[in-house]
Amino acid sequence: MMAAEAGAPVRCRFAPAPSGSLHVGNVRSALFSWLWARRNGGAFVLRVEDTDASRVTQEAFQGVLADLRWLGLDWDEGPEAGGPHGPYRQSERLDIYAAKAAELIGSGQAYRCYCTAEELEERNSAQMARGEAPGYDGRCRTLTDAERSAFESADRTHVIRFHMPEHEWVLQDLVKGEVRWAPDQLKDFVLVRSDGSPVFLLAVAVDDMLMEITHVVRGDDLLTAAPRNIAVIEALGGTAPTYAHVPQVLGPDRKPLSKRHGSTSVEAFREQGYLPEALINYLALLGWSADGETTFFSRDELIEKFDLARVSSNPAAFDTDKLTFMNNHYIQQLDPDDLAARCVHFLTASGLSVDPTLLTRAMPMVRERMKTLTEAPELLRFLFTDDIAPNDKAAGLIAKAPEGYLRRVADALVPVEPWSAESIQGALDALAEEEGLNRTKAFQPVRAAVTGSNVSPPLPESLELLGKERTLVRLRAA
RNA sequence: GGUCCCAUCGUCUAGAGGCCUAGGACAUCACCCUCUCAAGGUGGAGGCACGGGUUCGAAUCCCGUUGGGACUACCA
């Protein structure tokens, strides 16, 4: 149960089940693992736990890879990257697990167990009744050859069960600290099912050992699996990695985050207009902090500052408001070309035909107004369609405007040259003064007539981008 | 039931015995700025779960209680 020898290159891994898009809780584990690898100049290994092949589709598998790529969590070894410890999909490693299971039987550290489900259940409840910790009692551990063949000829199926060494287990966890289990707490467990398929406990141990993983960063729901992982690795003559069990990510109700809480997948956040930069920064701060003061970290700063030893051991609730705040911050950081490129998808998805040049020019006036990219369409709609039927509030504003005001605005704008935000504002202000209107009263009807909404980006800038022709047409139509 | 993990503002956290009349951020409230909406600025309210110890001194150490969570599978 010793950590990998000091000085050895750090190798971290992320081992998701390919169940479609990644859950943000898993992403945080992946991020911490990735950061630790990068921080130490080590390798990040991606391994896919797809032994439950029946439910794994190629699409789900690709979804996981796509999520990691979108987030910028690149892997040095794994599917599509290759590496010296492949294959990296567990479904392609079945013969390896079988060989290791046979090896354990050969060395007497695992055995065939013929107990039926009914028998196990019966003995379990008896243990419970006696106030003992339930778990396998070791009955088949000492079967004689004769007893074994009797079971075989009676057509009994068997599993391969690991003989858990009966001593105290001490785990030095990077996040949880020292955790101990008494000798009678950890019972013999199944390595291979009766149909010959490996169980998670076998596959993980074998893979972590063979892939020479030095640090396992994963959710603390697996904390009690650690001594069993370690036991199997040691039984196979390997050196167990160091573990870091990070607490679960909770929902607003403080229950472990799940689909129940709405969209929690990377794909969902992407579709809701969140930036990978924001998601990464937010997730990094969920359970970790550099100093308690700093909020924004670039990727390089995270790599430089991240420390598993500073990861909090208490569970954290996911707060969409804070993520959204960070998203707005990162949107403001993007240059117009980049932001525009990221907005295109959302604009076209809502049926707008986008002029790329115009879109880029519009970015400076909307970027501090967008909390998510999904807000781009409503903010910029007026630029990319001429169907600008006023909403209720806009209609109200137009109705309340002084008689003929919009026509006079149009007339006042006709001579404006050059057609720039500055000169447009000058013309609008001059007219407002003549009419005895303050800016609110003067601008709102124009905004309503030109954009169809009571809310829009700054008016003079909007009119500049829209162009004189379209502006005048809309004013006269209203 | 048993074992293990966890417990600072609503939320994320700083805090590793005196620097804490507990700091920062999100959210919230007020004000400022202002052509709408944002963004930005200033300020306010808001917390050490409870009870015992240890100590000159505890958010920090120990024990207990309470409350969450995980595990206890031929799930992972």
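Letters A, B, ... are given to chains in the order of the sequence lines, protein chains preceding strands, and every chain is numbered from 1. Since the model is a prediction, treat every value here as computed from it, not as a measurement.
- When the C1' atom is used for both rG53(B) and rG68(B), the distance is 25 Å, rounded to whole Å.
- Within 6.0 Å of NZ on K441(A) lie no more than 12 heavy atoms contributed by other residues, nucleotides or ligands.
- For R156(A), the CZ atom sits in a packed shell: over 12 heavy atoms of surrounding residues, nucleotides or ligands are nearer than 6.0 Å.
- With rC35(B), rG24(B), rG68(B) as the candidates, the nucleotide lying closest to the side chain of K255(A) is rG68(B).
- One can place CG of L223(A) at 15 Å from C1' of rA76(B), the figure rounded to the nearest angstrom.
- Under the Watson-Crick or G-U wobble criterion, with both distances below 3.5 Å, rU42(B) is paired with rA30(B).
- Using cut-offs of 30° and 60° for the angle between ring planes, the F318(A) and F269(A) rings count as tilted.
- Distance, R180(A) CZ to rC5(B) P: 11 Å, rounded to whole Å.
- In the set rC71(B), rC35(B), rC12(B), rC35(B) carries the atom at the smallest distance from any side-chain atom of R439(A).
- When each of V179(A) and S289(A) is assigned the nucleotide of RNA chain B with its nearest heavy atom, V179(A) is the one assigned upstream, toward the 5' end.
- Taking a 6.0 Å sphere around CD of E122(A), one finds it holds 12 or fewer heavy atoms contributed by other residues, nucleotides or ligands.
- Within the 4.0 angstrom heavy-atom criterion, only backbone atoms of the sugar-phosphate kind lie near A317(A); the bases stay farther away.
- Across all strands, P458(A) comes closer than 4.0 Å to base atoms (heavy-atom distances).
- Straight-line distance between the P atoms of rC32(B) and rG51(B): roughly 44 Å, to the nearest whole Å.
- Mapping P256(A) and S313(A) onto RNA chain B via the closest heavy atom, the residue that lands nearer the 5' end is S313(A).
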Hey, what are the protein-to-nucleotides 39-48 of chain B N/O distances that come in under 3.5 Å?
| unit_1 | atom_1 | unit_2 | atom_2 | d |
| --- | --- | --- | --- | --- |
| rA39(B) | OP1 | K371(A) | NZ | 3.0 |
| rA39(B) | O4' | E368(A) | O | 3.3 |
| rA39(B) | O2' | Q332(A) | OE1 | 3.3 |

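- Residue K187(A) is out of contact with every strand shown, counting any heavy-atom pair closer than 4.0 Å.
- In the displayed structure, E121(A) atom CD is contacted under 6.0 Å by at most 12 heavy atoms of other residues, nucleotides or ligands.
- Among the atoms of the strands shown, none is found under 4.0 Å from any heavy atom of R367(A).
- Here the two rings, on H329(A) and F296(A), have centers that are under 6.0 Å apart.
- Residue E433(A) places its CD atom among 12 or fewer non-hydrogen atoms of other residues, nucleotides or ligands, all under 6.0 Å distant.
- The pairing partner recorded for rU60(B) is none, the criterion being a Watson-Crick or G-U wobble arrangement whose two distances lie under 3.5 angstrom.
- In this structure, M164(A) atom CE and rU72(B) atom P are separated by 13 Å, rounded to whole Å.
- The interatomic distance linking N454(A) (CG) with rC37(B) (P) rounds to 9 Å, in whole Å.
- Here the side chain of E461(A) is nearest to one of rC35(B), rA76(B), rC6(B), namely rC35(B).
- Between rA70(B) and T224(A), no contact under 4.0 Å exists linking OP1 or OP2 to a side-chain N or O.
- The heavy-atom pair separating T295(A) from L285(A) by the smallest distance is O-CD2, 3.2 Å.
- When the side-chain nitrogen and oxygen atoms of R254(A) are compared with OP1 and OP2 of rC12(B), one or more of them lie within a distance under 4.0 Å.
- For F443(A) and rC35(B), the CZ to P distance is 7 Å, given to the nearest whole Å.
- Contact annotation: T440(A) side-chain N/O to rC35(B) OP1/OP2 distance is not under 4.0 Å.
- When Watson-Crick and G-U wobble pairs are counted only if both distances are under 3.5 Å, rA16(B) pairs with no nucleotide at all.
- Between F162(A) and F189(A), the ring-plane angle classifies as tilted under the 30° and 60° cut-offs.
- Residue contacts shown for G287(A) are limited to sugar-phosphate atoms, with no base heavy atom under 4.0 Å away.
- Taking atom OH of Y330(A) as the reference point, atom P of rC26(B) lies 14 Å away to the nearest angstrom.
- Looking at the side chain of Q444(A), the nearest of the listed nucleotides rC6(B), rG10(B), rU36(B) is rU36(B).
- Residue D195(A) qualifies as enclosed at atom CG: its count of foreign heavy atoms under 6.0 Å is above 12.
- Separating the P atom of rU72(B) from that of rG52(B) is a span of 39 Å, rounded to the nearest Å.
- Between F306(A) and F32(A), the ring-plane angle classifies as tilted under the 30° and 60° cut-offs.
- Taking atom C1' in both rG57(B) and rC19(B), the straight-line distance is 14 Å, to the nearest Å.
- When the P atom is used for both rG15(B) and rC56(B), the distance is 27 Å, rounded to whole Å.
- Across rG24(B) and rC35(B), the matching P atoms stand 33 Å from one another, rounded to whole Å.
- Distances shorter than 4.0 Å separate some side-chain N or O of N124(A) from OP1 or OP2 on rA73(B).
- Distance noted for atom P between rU21(B) and rG47(B): 16 Å (whole Å).
- Remark: R310(A) is in phosphate contact with rG15(B), judged by side-chain N or O atoms under 4.0 Å from OP1 or OP2.
- Nucleic acid contact class of P460(A) (heavy atoms, under 4.0 Å, all strands): base.
- Contact annotation for L285(A): backbone-only contact, meaning every heavy-atom pair under 4.0 Å involves sugar-phosphate atoms and none involves a base.
- Residue contacts shown for Q185(A) are limited to sugar-phosphate atoms, with no base heavy atom under 4.0 Å away.
- Here, rC9(B) and rA70(B) have their C1' atoms 27 Å apart, quoted to the whole Å.
- Picking from rA27(B), rC74(B), rG23(B) the nucleotide with the shortest atom distance to the side chain of E293(A) gives rG23(B).
- Nucleotide rU66(B): paired with rA7(B) (Watson-Crick or G-U wobble, both distances less than 3.5 Å).
- Residue E435(A) qualifies as enclosed at atom CD: its count of foreign heavy atoms under 6.0 Å is above 12.
- Per the geometry, CG belonging to L250(A) stands 18 Å off P belonging to rC5(B), to the nearest Å.
- For rA76(B), the OP1/OP2 oxygens have no side-chain nitrogen or oxygen of N26(A) closer than 4.0 Å.
- Base pairing of rU55(B) is not made with any nucleotide, judged by Watson-Crick or G-U wobble geometry with both donor-acceptor distances under 3.5 Å.
- Atoms CZ (R447(A)) and P (rC35(B)) sit 10 Å apart, rounded to a whole Å.
- L222(A) comes within contact range of at least one nucleobase, with a heavy-atom separation under 4.0 Å.
- Within 3.5 Å, a donor on the side chain of S194(A) pairs with an acceptor on the base of rC74(B), or the reverse.
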